[in-house]
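First comes the structure, then the notes that go with it.
These numbers come from the heavy atoms of this one structure, side chains and all, not from hydrogens, waters or symmetry mates. Numbering of ligands and ligand atoms starts at 1, following listing order. Counting from 1, the numbers follow the sequence of the chain as shown. Bear in mind the structure is a predicted one, so any value in this text is a computation, not a measurement.
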Amino acid sequence: MLKSTAAIIFLGLSAVTMANAKTIVAHRGASAYLPEHTLEAKALAYAMGVDYLEQDLAMTKDDHLVVVHDHFLDRVSDVAAKFPDRARKDGRYYVIDFTLAEIKSLNFTEGFEIKDGKMVAGYKGRFPLMQSAFKIHTLEEEIEFIQGLNKTMGKNVGIYVETKAPWFHKQEGKDISKATLEVLKKYGYTTKDSNCIFQTFDYPDLKYVKTQLMPQMGIDLRTVILITTNPTETYELKDGKWESFDYKYLIDPANMAEIAQYADGMGPDYNLLFDVEKSSKGHIVVNDFVRNAHNNGMIVHPYTIRKDRLPDYVVNVDELYDAVLYKADADGVFTDFPDLGVKFVESKEK
Ligand code: G3P
Ligand code: CA
């Protein structure tokens, strides 16, 4: 399948030689097989032949950026056992309340929740809970790990950083986006040619990044605006009050030209590419989302394909890769199963 014009422009700006015609992003590493965001999960994904490894980021009390999905620690670590008195009133253990040394003392695991006092895995078929020994690490440590692998493996796998909840970090007096860009600049990611994409769900913060931070720092990285229907993902300051950001602004075609001033691409929940009500197994109804984004010069990298959590409208994971990447014509996709994504794209492109 020919790449979209937007994808060609986007890739043309990059020095990356893309292994695949469609971009495969390892979502939190090879997170279907090893605990998310551990270096072990990143190494496995790297070996599976992905184009990008994803880094979700939160800030510690002592201003380090750690690679972790939630701005809480309790879903993926033994923080509640090690620091029982450190939860906030809502019962959560916030990354921002712990130093890097404290976080490094924790053991990390596959994601879980507590039900009737017992740990229950989020995904039953995945790596056993609290088995072996896993730690998390800083953004600097992960970049050095990937750059080291790029050297030894002779490849140029990219990084795909996400500042988690910039609005929350602002409420706590921290500028996570500035801290992230400083680390990226230190490691040589400074232009759209760099093999790095900066993503966020926080559209007001993305505007701040593009119009203030990047120009002030003399850098200009590629950016992706993430889109979710979850009203608690992002908040914006309106008349001095933090209000839920309405994602509908980001999917309205009338706004895409404006959004494209700040974003090189869009990262929607993949369901936003389809008419879900009208789609059924063997009958996928694609909407205009990707076409509208492409018409405005933006690429589309939806999230997250998981073989162990499929939507009702597909029979199997290959049908979902096909629907997202070929029927809807997205330029790439985030997946917990990078091996399956790479294999599927290779089977389509040969
Ligand atoms: O960044 C793409 C995808 O990872 C967004 O969802 O919640 O897994 O970060 P989330
Ligand atoms: Ca993410």
Side-chain angles (χ1 to χ4, degrees), residues 22-32 34-38 41-42 45 50-59 65-73 75-76 92 95 108 110-111 113 122-123 126 136 139 142 146 158-169 176-177 180 184 196-203 205-206 209 221-235 244-245 247 250-251 263-273 289 293 298-309 311 320-321 324-325 330-338 341:
K22 300 282 188 179
T23 298
I24 299 296
V25 186
H27 183 247
R28 312 181 199 173
S31 53
L34 282 163
E36 66 187 47
H37 281 315
T38 58
K42 302 299 166 79
V50 297
D51 302 295
Y52 288 90
L53 295 161
E54 188 200 26
Q55 299 77 33
D56 293 310
L57 301 171
M59 275 184 100
L65 289 163
V66 284
V67 182
V68 63
H69 177 266
D70 310 342
H71 53 282
F72 316 111
L73 294 160
R75 183 180 61 85
V76 286
R92 306 304 302 263
V95 174
F108 282 78
E110 182 57 38
E113 59 181 322
Y123 295 89
R126 296 197 180 186
I136 60 163
L139 175 60
E142 180 154 336
I146 295 168
I159 62 171
Y160 209 129
V161 298
E162 181 188 346
T163 47
K164 277 293 177 198
W167 54 271
F168 168 76
H169 287 85
I176 188 171
S177 298
T180 300
L184 296 177
C196 169
I197 298 175
F198 179 99
Q199 52 167 342
T200 180
F201 280 106
D202 190 328
Y203 185 58
D205 195 67
L206 177 65
V209 164
L221 296 168
R222 290 173 294 163
T223 60
V224 161
I225 182 68
L226 296 168
I227 308 170
T228 176
T229 57
N230 174 3
T232 66
E233 181 71 47
T234 298
Y235 294 83
S244 176
F245 181 79
Y247 80 94
L250 299 172
I251 62 170
D264 298 286
M266 305 189 107
D269 176 329
Y270 63 69
N271 289 296
L272 290 169
L273 309 189
F289 185 99
M298 291 185 283
I299 56 133
V300 182
H301 286 170
Y303 64 90
T304 299
I305 293 189
R306 299 173 164 114
K307 186 186 172 188
D308 50 3
R309 193 160 291 173
L320 188 54
Y321 286 120
V324 169
L325 293 173
D331 305 280
V333 73
F334 290 80
T335 179
D336 288 4
F337 292 82

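- Between Phe245 and Tyr203, the two ring planes are tilted [angle within 30° to 60°].
- The two residues Leu272 and Ile227 make their nearest non-hydrogen contact at CD1-CG2, 3.8 Å.
- For Arg309 and Asp336, the salt-bridge test fails: no basic side-chain N is under 4.0 Å from an acidic carboxylate O.
- Not a single heavy atom of Glu233 sits less than 4.0 Å from an atom of ligand 1.
- Glu54 contributes OE2 as its N, O or S atom closest to the Ca ion (ligand 2).
- Taking the Ca ion (ligand 2) as reference, Glu162 places its N/O/S atom OE1 nearest.
- Distances from the Ca ion (ligand 2) to each N, O or S atom of Asp56 single out OD1 as the nearest.
- Taking every non-hydrogen atom of His27 and a distance limit under 4.0 Å, the qualifying atoms of ligand 1 come out as 3 (C), 4 (O), 8 (O), 10 (P).
- Side chain of Thr335 to main chain of Ile305: a donor-acceptor pair is present (N/O by atom type, distance under 3.5 Å, no hydrogens or angles).
- Of all atoms in ligand 1, listed by their number and element, those nearer than 4.0 Å to a heavy atom of His69 are 7 (O), 8 (O), 9 (O), 10 (P).
- Of all the atoms in ligand 1, the ones that sit under 4.0 Å from a non-hydrogen atom of Leu226 are 1 (O), 2 (C).
- Numbered from 1 in the order shown, with element, the atoms of ligand 1 that lie under 4.0 Å from a heavy atom of Lys164 read 7 (O), 9 (O), 10 (P).
- The distance from ligand 1 to the heavy atoms of Arg28 drops below 4.0 Å at these ligand atoms: 7 (O), 8 (O), 10 (P).
- Shown here for Val25 and Glu54, the closest heavy-atom pair between the two residues is CG1-CB, 4.3 Å.
- Nearest heavy atoms, Leu273 versus Pro268: CD2-CG, 3.9 Å.
- Among the atoms of Glu54, some N or O lies under 3.5 angstrom from an N or O of ligand 1.
- Minimum heavy-atom separation, Leu221 to Asp264: O-OD2, 3.9 Å.
- The distance from ligand 1 to the heavy atoms of Gln199 drops below 4.0 Å at these ligand atoms: 1 (O), 2 (C).
- Side-chain polar atoms of Thr200 and Asp205 form no donor-acceptor pair below 3.5 angstrom.
- In Asp56, the part holding a heavy atom less than 4.0 Å from any atom of ligand 1 is the side chain.
- Residue Tyr160 does not touch ligand 1, judged by heavy-atom distances below 4.0 Å.
- Classification of the Tyr52-His301 ring pair by plane angle, with boundaries at 30° and 60°, yields tilted.
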